[in-house]
Amino acid sequence: MNHAAKRYTVQLSERDYQGRRLACEVSDERYGDAAAASAAAKAEAFHLSMQLRRPIAIRIFEDERVYLSHIMPSPA
């Protein structure tokens with residue numbers, strides 16, 4: 001069987017999954033595994049939530065389907 005390598009991509013949005021998409025370096029990258037995509041997404045979302053003082057929605061896609069969704073809360 002021929003298995004194509006999976007690609008993981010990250011999408012960050014303001015407030016929730018319907019919010020304004022945020023352009024950042026992690027959004028332009030393709031990751032070979034979910035752990036690398038998740039680590040990059042969480043680090044960038046934390047930084048953005050501190051800077052914008054808003055929650056940041058994280059979506060990690062495995063090829064075209066949503067693999068993981070998470071919201072980084074805004075700082076208190």
Side-chain angles (χ1 to χ4, degrees):
M1 287 189 152
N2 185 5
H3 294 284
K6 293 185 178 177
R7 298 287 181 189
Y8 296 87
T9 55
V10 172
Q11 175 185 309
L12 301 179
S13 303
E14 273 189 48
R15 300 185 192 274
D16 59 29
Y17 304 112
Q18 307 306 315
R20 177 177 67 97
R21 287 188 185 171
L22 301 170
C24 54
E25 286 184 26
V26 297
S27 299
D28 297 332
E29 294 290 323
R30 293 192 182 276
Y31 299 90
D33 61 67
S38 179
K42 287 179 185 176
E44 186 69 14
F46 177 78
H47 171 73
L48 288 169
S49 72
M50 297 299 283
Q51 181 182 7
L52 299 173
R53 313 292 292 169
R54 295 188 177 124
I56 303 297
I58 301 167
R59 275 197 173 153
I60 298 175
F61 292 87
E62 177 184 59
D63 297 324
E64 297 298 319
R65 74 177 183 93
V66 175
Y67 178 78
L68 178 110
S69 298
H70 176 70
I71 295 184
M72 177 70 65
S74 61

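Tracing side-chain contacts under 4.5 Å through hydrophobic residues (I, L, V, M, F, W, Y), one reaches Met50 starting from Met72; they form part of the same cluster. When the side chains of ILVMFWY residues are joined at heavy-atom separations under 4.5 Å, either directly or via intervening members, Val10 and Leu52 end up in a single hydrophobic cluster. Hydrophobic clustering, with ILVMFWY side chains joined whenever heavy atoms are under 4.5 angstrom apart, groups Leu12 together with Leu68.
Among Gln18, Arg20, Arg21, the single residue meeting the side chain to side chain contact (heavy atoms under 4.5 Å, CB included) criterion with Ser13 is Arg21.
Around the OH atom of Tyr17, the shell of radius 6.0 Å holds more than 12 heavy atoms that belong to other residues, nucleotides or ligands.
Summarising the geometry, atom OG1 belonging to Thr9 is positioned 9.0 Å from atom CD1 belonging to Ile60; distances are rounded to the nearest 0.5 Å. Residue Arg15 holds its CZ atom at 12.5 Å from OG of Ser49, rounded to the nearest 0.5 Å. In this structure, Ile56 CD1 and Ile58 CD1 are separated by 8.5 Å, a value rounded to the nearest 0.5 Å. Taking CG of Leu22 as the reference point, atom CD of Gln51 lies at 9.5 Å (rounded to 0.5 Å).
Ring centroid separation for the pair Tyr8 and Tyr67 comes in under the 6.0 Å cut-off.
Inter-residue side-chain proximity for Pro55 and Ser74 is flagged as met; some heavy-atom pair is nearer than 4.5 Å.
In terms of modelled atom types and a separation under 3.5 Å, the side chain of Asp63 and the main chain of Arg7 share a donor-acceptor contact.
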Using a 3.5 Å cut-off and no angle test, enumerate the donor-acceptor pairs between side-chain atoms of residues 26-42 and protein atoms at least two apart in sequence or in another chain.
{"from": "Asp33", "atom 1": "OD1", "to": "Ala35", "atom 2": "N", "distance (Å)": "3.2"}
{"from": "Asp33", "atom 1": "OD1", "to": "Ala36", "atom 2": "N", "distance (Å)": "2.7"}

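Here the shortest heavy-atom pairing between Ser69 and Val66 reads OG-CG1, 3.4 Å.
Residues passing the side-chain hydrogen bond (donor to acceptor under 3.5 Å, both in side chains) test with Arg65 are Glu62, sequence neighbours excluded.
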